[in-house]
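First the proteins, then the strands, lettered A, B, ... as listed; each starts at 1.
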There are 2 protein chains.
Amino acid sequence: MQYASKTTDQSGLEATWPRGRRSTFVAQRVRDMIVAGDIEAGTRINERVLTEQLGVSRTPLREAFKILEGEGLVRIDPNRGATVVGISPEEVEAAIEVLIGLESVAAARACERATPQMIAEIERLHAEMVDAYQRGELMEYFHINQTIHQRIVDCAHNATLSRIYAAESARIRRYRYAGNRRSERWARAVFEHEQILDALRQREGALLREVLRAHHLSGWGVTRNVLEGELSKAENQTLPGDR
Amino acid sequence: MQYASKTTDQSGLEATWPRGRRSTFVAQRVRDMIVAGDIEAGTRINERVLTEQLGVSRTPLREAFKILEGEGLVRIDPNRGATVVGISPEEVEAAIEVLIGLESVAAARACERATPQMIAEIERLHAEMVDAYQRGELMEYFHINQTIHQRIVDCAHNATLSRIYAAESARIRRYRYAGNRRSERWARAVFEHEQILDALRQREGALLREVLRAHHLSGWGVTRNVLEGELSKAENQTLPGDR
DNA sequence: TTGAGGCATATTGCATGCAAACATCCTAGA
DNA sequence: TCTAGGATGTTTGCATGCAATATGCCTCAA
């Protein structure tokens, strides 16, 4: 048995992992697998299988599970091990509400503290994203999109804010990806991103906050429909990843 | 050698820990020790000492360190183990900014969704807190105070919000405690809490948000002064706990 | 006296072994 | 046929041993 891996090659065992950070790297790998939907929600993860696949022993893997449990990606039941947590549309909505709140905090500060370099970096990412949009590269578009939001939050120069925002974004990433598959959303999202960029350039904190909020709410409307559609298709099974 | 423990008896080794959740319980114990200031910021934690003190082996302790690292309470350096992280006043301020943002999200929702039972529970806690205030029981007062804020956030019925709020509160708890030792702050804080309770009772989301915000900013002003005073006393050593 | 190098000890990182809990399958009795 | 119970294999939880790394100490040369 093996857990599928769409994001990395399946060539087999890892070479050698550096000593000292094995659990961290393992956590990163497993996190990627979960976020990419390689391991379906609700799946119980067998330690032996994953240790063989990753080429590490159980100790660093179990430490990685503790990290991922803290991030809300897996649940650890006594004597039953780690299970990939499934998130309901309601929970995704709750998390998005939090992300909006965090971006609201970021908005004012970002407009005060963003350096011209940071804004230029975001403009560069925006151009890349538009390019990906025009080429129809969904995955790339989606990835850059997420990066832009993270960079805006980073502009606030608040490490706590950046850390929490990154963790929560990662936790619901695979569900939001579902919403972004609707290509009719793209054009609107690109337009909204231009508004966001304008507000940041003009350093209008209150405006930036409102534009970001509207952007997320509009995106969530689409995502929710997709998720609920998939849920009813799946007939109350586990939530699908990005199939 | 032994790490002091003001919060629990020092009678020595633990009895037996239940199988299946040892790392969780160990994490709780160590978290308590850090939050209470029993282990000073900047201290490198020796695994052997702590395993002997807690009566568990290194494996669950090391898993507990991973949990606490995720919470931002310790830092794990390769081949050097876990160190209690010290937080600068700037970082505490950044975290409080985030907490204010999270409470802002909570405020509107709490006023929509709080059940009468939840409000009654908060009123009960408030009465207890006033009682502790009148008896001069600082630790108890502080603890109930924190619980009230958590309960208000819980009223929003947003699990993500509650989880993040709890984690961030814990991370900076010992620093805020320093600010609350100024007893002249107590009277004002109790008054502000009454305003908070009123806003919640009347389900005035916007008002609740503003009152909470003002409450935190006023508290932070005192805390910052205390922290900066202690910092200069300590002459750029590690941040003191609750000495 | 100081500092570089090297040896001895302490400490951490990880793999592994063993015991407890769990899961599965089989059988006996109703 | 169905179910209780138990035998057997599987999986997890934890302790421990070994190797790698860090740390402290000592020596010796400049």
Side-chain angles (χ1 to χ4, degrees), chain A residues 1-3 12-31 33-34 39-40 42-70 73-85 238, chain B residues 1-3 12-31 33-34 39-40 42-70 73-85 238:
Chain A
M1 178 192 175
Q2 177 165 324
Y3 296 108
L13 301 183
E14 289 302 316
T16 48
W17 299 76
R19 177 191 160 92
R21 287 215 168 283
R22 235 172 268 207
S23 53
T24 309
F25 287 121
V26 170
Q28 183 58 51
R29 278 294 300 277
V30 179
R31 185 186 298 116
M33 293 169 85
I34 294 174
I39 312 180
E40 218 166 297
T43 306
R44 188 169 149 195
I45 302 177
N46 183 299
E47 288 179 4
R48 189 184 48 76
V49 172
L50 210 47
T51 54
E52 284 171 9
Q53 197 168 334
L54 298 177
V56 295
S57 77
R58 290 173 55 218
T59 306
L61 176 62
R62 290 174 53 80
E63 290 179 354
F65 283 162
K66 296 293 180 189
I67 295 172
L68 298 175
E69 185 181 35
L73 289 172
V74 307
R75 181 166 41 84
I76 301 179
D77 303 306
N79 299 314
R80 311 205 55 233
T83 306
V84 179
V85 303
T238 57
Chain B
M1 179 194 173
Q2 177 166 324
Y3 296 108
L13 301 182
E14 290 302 315
T16 49
W17 299 76
R19 178 192 159 92
R21 286 215 170 284
R22 233 170 271 205
S23 54
T24 310
F25 286 120
V26 170
Q28 182 58 49
R29 279 294 300 276
V30 178
R31 185 186 299 115
M33 293 168 85
I34 294 174
I39 313 180
E40 219 166 296
T43 306
R44 188 168 148 196
I45 302 176
N46 183 298
E47 288 179 5
R48 189 184 49 76
V49 172
L50 210 48
T51 54
E52 284 170 9
Q53 197 167 334
L54 298 177
V56 295
S57 77
R58 290 173 55 219
T59 306
L61 176 62
R62 290 175 53 81
E63 290 180 354
F65 283 162
K66 296 295 178 186
I67 296 172
L68 298 174
E69 185 181 35
L73 289 172
V74 308
R75 180 167 40 83
I76 301 179
D77 302 306
N79 300 314
R80 310 200 57 235
T83 306
V84 179
V85 302
T238 55

With [X] via salt bridge (charged side-chain N to carboxylate O under 4.0 Å, His left out) - residues at least two apart:
{"X": "B:R80", "answer": "none"}
{"X": "A:R21", "answer": "none"}
{"X": "B:R19", "answer": "none"}
{"X": "B:R22", "answer": "none"}

For [X] and [N], what is the distance between atoms [atom1] and [atom2] respectively, to the nearest whole Å?
{"X": "B:K66", "N": "C:dT12", "atom1": "NZ", "atom2": "P", "result": "13 Å"}
{"X": "A:E63", "N": "C:dG13", "atom1": "CD", "atom2": "P", "result": "8 Å"}
{"X": "A:L61", "N": "C:dT16", "atom1": "CG", "atom2": "P", "result": "14 Å"}
{"X": "A:R48", "N": "C:dT16", "atom1": "CZ", "atom2": "C1'", "result": "15 Å"}
{"X": "B:I76", "N": "C:dC14", "atom1": "CD1", "atom2": "P", "result": "11 Å"}
{"X": "B:R62", "N": "C:dT11", "atom1": "CZ", "atom2": "C1'", "result": "10 Å"}
{"X": "A:L54", "N": "C:dC14", "atom1": "CG", "atom2": "C1'", "result": "15 Å"}
{"X": "A:F65", "N": "D:dT11", "atom1": "CZ", "atom2": "P", "result": "13 Å"}

Nearest heavy atom decides the nucleotide; on that basis, is A:R80 or A:P18 closer to the 5' end of DNA chain C?
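It is A:P18, whose closest nucleotide lies nearer the 5' terminus.
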Take A:I45 and B:P60, find for each the nucleotide of DNA chain D with the closest heavy atom, and name the residue whose nucleotide sits nearer the 5' end.
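Closest to the 5' end, via its nearest nucleotide, is A:I45.
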What's the closest nucleotide to the side chain of [X] if the choices are [options]?
{"X": "B:S57", "options": "D:dA22, D:dC14, C:dT12", "result": "D:dC14"}
{"X": "B:T59", "options": "C:dC14, D:dT16, D:dT12", "result": "D:dT16"}
{"X": "B:E47", "options": "D:dG13, C:dG13, D:dT23", "result": "C:dG13"}
{"X": "A:R44", "options": "D:dT12, D:dG13, D:dC14", "result": "D:dT12"}
{"X": "A:N46", "options": "D:dA15, C:dG13, D:dT11", "result": "D:dT11"}

Listed by chain and number, what are the side-chain hydrogen bond (donor to acceptor under 3.5 Å, both in side chains) partners of A:R58, not counting sequence neighbours?
A:E47
Whether the side chain of B:Y3 engages the backbone of B:N46 through a donor-acceptor N/O pair (distance < 3.5 Å, no angle test) should be reported.
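Judged by distance alone, yes, a pair lies under 3.5 Å.
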Return the polar atom pairs (N/O with N/O) between nucleotides 18-21 of chain D and the protein under 3.5 Å, or none.
| from | atom 1 | to | atom 2 | distance (Å) |
| --- | --- | --- | --- | --- |
| D:dA20 | O4' | A:R19 | NH1 | 3.4 |
| D:dA20 | N3 | A:R19 | NH2 | 3.4 |
| D:dT21 | O3' | B:N79 | ND2 | 3.2 |

Is B:E63 paired with A:R62 through a side-chain N to carboxylate O contact shorter than 4.0 Å?
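Answer for the salt bridge query: yes.
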